[in-house]
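First the proteins, then the strands, lettered A, B, ... as listed; each starts at 1.
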2 protein chains.
Amino acid sequence: MERGKRKTPARPGASAKRTKVSTTAGTESTEERIKEAARKLFTQKGFAATRTRDIANEAGINLALLNYYFRSKQKLFDLVMMENFRKFLHGMTINFQDKSLTMENRLEKIVTAYIDFLTEFPDLPLFILNEIRGNPSRIADKVKKEIGPARSQFFKELKQSKKEGKIALDPFHFVANLVGLTVFPFVARPLLQRVTEVGDEQFNELMQERKKLVPIWLKMMMMPAGG
Amino acid sequence: MERGKRKTPARPGASAKRTKVSTTAGTESTEERIKEAARKLFTQKGFAATRTRDIANEAGINLALLNYYFRSKQKLFDLVMMENFRKFLHGMTINFQDKSLTMENRLEKIVTAYIDFLTEFPDLPLFILNEIRGNPSRIADKVKKEIGPARSQFFKELKQSKKEGKIALDPFHFVANLVGLTVFPFVARPLLQRVTEVGDEQFNELMQERKKLVPIWLKMMMMPAGG
DNA sequence: GAAATTTTTAATCAAATGATTAAAAATCTT
DNA sequence: AAGATTTTTAATCATTTGATTAAAAATTTC
């Protein structure tokens with residue numbers, strides 16, 4: 001083949017008639033192993049600091065396989081990144097909708113779910129924040145698509161509550177407080193732990209405490225007295 | 001000179017008798033120009049994503065000069081990074097000491113100073129958080145040295161207040177809330193603006209509002225009723 | 001079981017990138 | 001002004017790194 005020319009390589013699933021997908025426990029498909037290794041490293045160290053060779057090592061496969069399955073580092077990153085982002089936004093907005101609950105109970109559900117989520121994926125928020133800064137426009141539509149419906153519904157309620165005098169707070173402040181009080185301890189965890197001399201076990205206990213505290217605080221902050 | 005051998009290059013100031021430092025407005029020294037270009041790019045894009053050639057371009061100098069003045073990319077980064085970190089911590093703890101004020105007035109001074117600081121250097125917090133995650137141990141002593149005194153003094157007061165029943169809140173929660181409510185809006189600015197549909201001007205107005213609101217909220221959260 | 005197809009590997013390429021070198025230009029010393 | 005020293009540059013080096021290739025190994029199809 002001529003130099004510089006690019007062939008269209010046989011992609012798995014493209015013309016393949018392979019139908020069996022290994023579902024044996026512990027034996028993921030090669031493609032999945034690469035993706036998981038990539039997710040781990042990209043999320044931990046970001047795009048630029050991650051080497052494709054490290055991903056290959058982590059996945060226990062040959063470097064060429066990475067390109068065989070995903071074409072390029074960038075494509076692989078985009079894939080992982082979008083899945084991360086969807087996961088993050090979903091975890092954030094899943095409980096916004098449920099109209100059967102009072103605002104306070106709903107807040108408790110949101111915060112609890114989100115703290116559990118962050119406990120499981122503590123590296124996600126910083127990854128997301130970096131990605132957004134590095135590429136704000138690419139994220140735009142993603143945000144709209146993913147949280148558009150939830151956002152507009154939740155916001156209508158917020159504005160309605162403000163009109164009724166039940167809230168005396170700009171929706172921006174409310175969202176910033178909700179997300180900030182919930183996410184920030186995880187984002188700044190190493191710094192906070194060092195400054196306050198708090199160990200790992202105690203940190204987890206404190207996060208459990210916050211499941212109750214943050215909703216109480218948020219409710220207090222919404223009151224007219226505080227605005 | 002033999003290959004691989006490394007000479008000790010003439011460093012400015014090492015054996016130089018040059019005494020005049022250009023203080024003309026707008027005409028920084030070459031060394032300073034490089035450092036500022038490096039600060040800008042490193043802070044914006046992180047270590048791995050920043051090319052030494054980009055720094056050289058930004059500073060308007062030849063690439064070799066960067067190594068002439070700072071030996072290596074890593075050394076230059078360490079320098080900038082430490083200065084950033086000192087600036088960040090200083091801005092954060094400068095107002096913790098002043099015992100002449102009431103707790104509430106002190107909080108107002110702290111938050112006001114910090115929001116002004118963040119308005120001037122909005123990229124700093126995310127840079128710091130990334131650095132800490134990437135190298136937690138290297139930061140440890142820096143934190144101790146820089147905020148050690150302020151921290152211990154402030155914490156003694158917090159614990160004292162808790163004993164006296166004036167505060168019913170773990171110091172960790174207090175610090176997390178203080179920093180979270182202040183810093184997080186800047187860290188998550190692009191995301192928050194998009195979600196809440198807030199423009200740049202309005203964002204700045206909201207931040208000014210928070211100078212008054214955050215101290216009020218913090219005071220509310222300290223009350224026994226909220227703990 | 002043989003041929004076809006897909007998956008995996010070792011070797012290598014080409015571009016990017018941090019760093020160095022030798023020489024030119026600028027500045028300082030006397 | 002001459003010589004010494006410092007600063008700056010163009011060219012080049014060596015390594016890293018993302019990507020490709022050609023062949024081997026494994027799997028599927030018939």
Side-chain angles (χ1 to χ4, degrees), chain A residues 1-22 24 27-35 37-38 41-42 45-78, chain B residues 1-22 24 27-35 37-38 41-42 45-78:
Chain A
M1 171 163 302
E2 259 180 63
R3 177 95 62 80
K5 279 281 175 70
R6 170 165 265 154
K7 80 151 184 285
T8 300
R11 287 282 316 295
S15 66
K17 284 160 194 165
R18 183 97 17 108
T19 47
K20 276 268 172 59
V21 171
S22 169
T24 317
T27 311
E28 295 166 304
S29 74
T30 303
E31 191 169 353
E32 204 55 36
R33 281 217 318 249
I34 297 173
K35 206 161 74 178
L41 293 180
F42 279 143
K45 326 195 330 172
F47 179 80
T50 300
R51 316 287 138 199
T52 51
R53 280 164 174 80
D54 294 338
I55 297 176
N57 279 344
E58 177 80 24
I61 52 101
N62 187 287
L63 168 61
L65 267 189
L66 187 151
N67 294 288
Y68 175 71
Y69 279 102
F70 299 97
R71 300 287 294 170
S72 76
K73 180 189 181 186
Q74 186 66 54
K75 289 248 174 60
L76 176 54
F77 178 80
D78 289 347
Chain B
M1 170 160 304
E2 258 180 62
R3 173 98 60 82
K5 279 282 174 69
R6 167 165 268 153
K7 79 151 184 283
T8 301
R11 287 282 317 295
S15 66
K17 284 161 196 165
R18 181 97 19 105
T19 47
K20 278 266 174 59
V21 171
S22 170
T24 317
T27 311
E28 294 166 304
S29 74
T30 303
E31 191 169 353
E32 205 55 35
R33 281 219 318 253
I34 297 173
K35 207 160 74 177
L41 294 181
F42 279 142
K45 327 196 329 172
F47 179 80
T50 300
R51 316 288 135 195
T52 52
R53 280 165 174 79
D54 295 338
I55 297 176
N57 279 344
E58 177 80 25
I61 52 101
N62 187 286
L63 167 60
L65 265 190
L66 186 151
N67 294 287
Y68 175 70
Y69 278 104
F70 299 98
R71 301 286 295 168
S72 75
K73 180 189 180 186
Q74 185 67 53
K75 291 246 174 60
L76 175 55
F77 178 79
D78 289 347

**Request:** Tell whether B:Arg53 reaches the base of C:dG18 with its side chain through a donor-acceptor pair below 3.5 angstrom.
**Result:** yes

**Prompt:** From the list D:dA19, C:dA10, C:dT21, which nucleotide is the closest neighbour of the side chain of A:Ser72?
**Reply:** D:dA19

**Atom pair distance, as rounded to whole Å: CG in B:Leu65 and C1' in C:dG18** = 15 Å

**Asked** With no hydrogens and no angle check, is any side-chain donor or acceptor of A:Lys75 less than 3.5 Å from a backbone partner on A:Asn67?
**Response** no

**Asked** What's the closest nucleotide to the A:Asn67 side chain, out of C:dT7, D:dA19, C:dG18?
**Response** D:dA19

**Prompt:** When we call it a touch if two heavy atoms are under 4.0 Å apart, what does A:Leu66 touch: a base, just sugar-phosphate, or nothing?
**Reply:** nothing

**Request:** Looking only at side-chain atoms of B:Arg51, point me to the closest of D:dA19, C:dT17, D:dT7.
**Result:** C:dT17

**Prompt:** Rounded to whole angstrom units, what separation is found between the CD1 atom of A:Ile55 and the C1' atom of D:dA19?
**Reply:** 13 Å

**Request:** Measure the OG1-OH distance between B:Thr30 and B:Tyr69 for me, rounded to the nearest 0.5 Å.
**Result:** 4.5 Å

**Prompt:** Once you round it to whole Å, what is the distance between C1' of C:dT17 and CG of B:Leu41?
**Reply:** 15 Å

**Asked** Atom CG of B:Leu63 and atom P of D:dT12: how far apart are they, to the nearest Å?
**Response** 15 Å

**Asked** Which nucleotide sits closest to the side chain of B:Asn62: C:dG18, D:dA10, C:dT8?
**Response** D:dA10

**Message:** If I take atom CZ in residue A:Phe47 and atom P in nucleotide D:dT17, what distance separates them, rounded to the nearest angstrom?
**Reply:** 13 Å

**Prompt:** Within the pair A:Thr52 and D:dA19, is there a side-chain N or O less than 4.0 Å away from OP1 or OP2?
**Reply:** no

**Message:** Apply side-chain contact (heavy atoms from CB on, under 4.5 Å) to residues B:Leu76 and B:Thr52 and explain how you reach the verdict.
**Reply:** CA-CA 10 Å; B:Leu76 175 55; B:Thr52 52; over 6 Å; no

**Item:** Whole angstrom value for the distance that separates C1' of D:dA19 from CZ of A:Phe77
**Value:** 19 Å

**Asked** Between C:dT6 atom P and A:Glu31 atom CD, what is the distance in whole Å?
**Response** 14 Å

**Complete:** Those residues at least two apart in sequence (or on a different chain) that pass side-chain contact (heavy atoms from CB on, under 4.5 Å) with A:Thr50 are A:Leu41, A:Phe42, A:Lys45, A:Ile55

**Prompt:** Where the side chain of A:Tyr68 is defined as all heavy atoms beyond and including C-beta, which of C:dG18, C:dT8, D:dG18 is the nearest nucleotide?
**Reply:** C:dT8

**Request:** Among C:dT9, D:dT9, D:dT8, find the nucleotide with the atom closest to the side chain of A:Ile61.
**Result:** C:dT9

**Prompt:** Quick one: which of D:dT7, D:dA19, C:dA19 gets closest to the side chain of B:Tyr69?
**Reply:** D:dT7

**Prompt:** What integer distance in Å separates A:Arg71:CZ from D:dG18:P?
**Reply:** 17 Å

**Message:** Distance check, rounded to the nearest 0.5 Å: A:Glu58 atom CD versus A:Arg33 atom CZ?
**Reply:** 11.0 Å

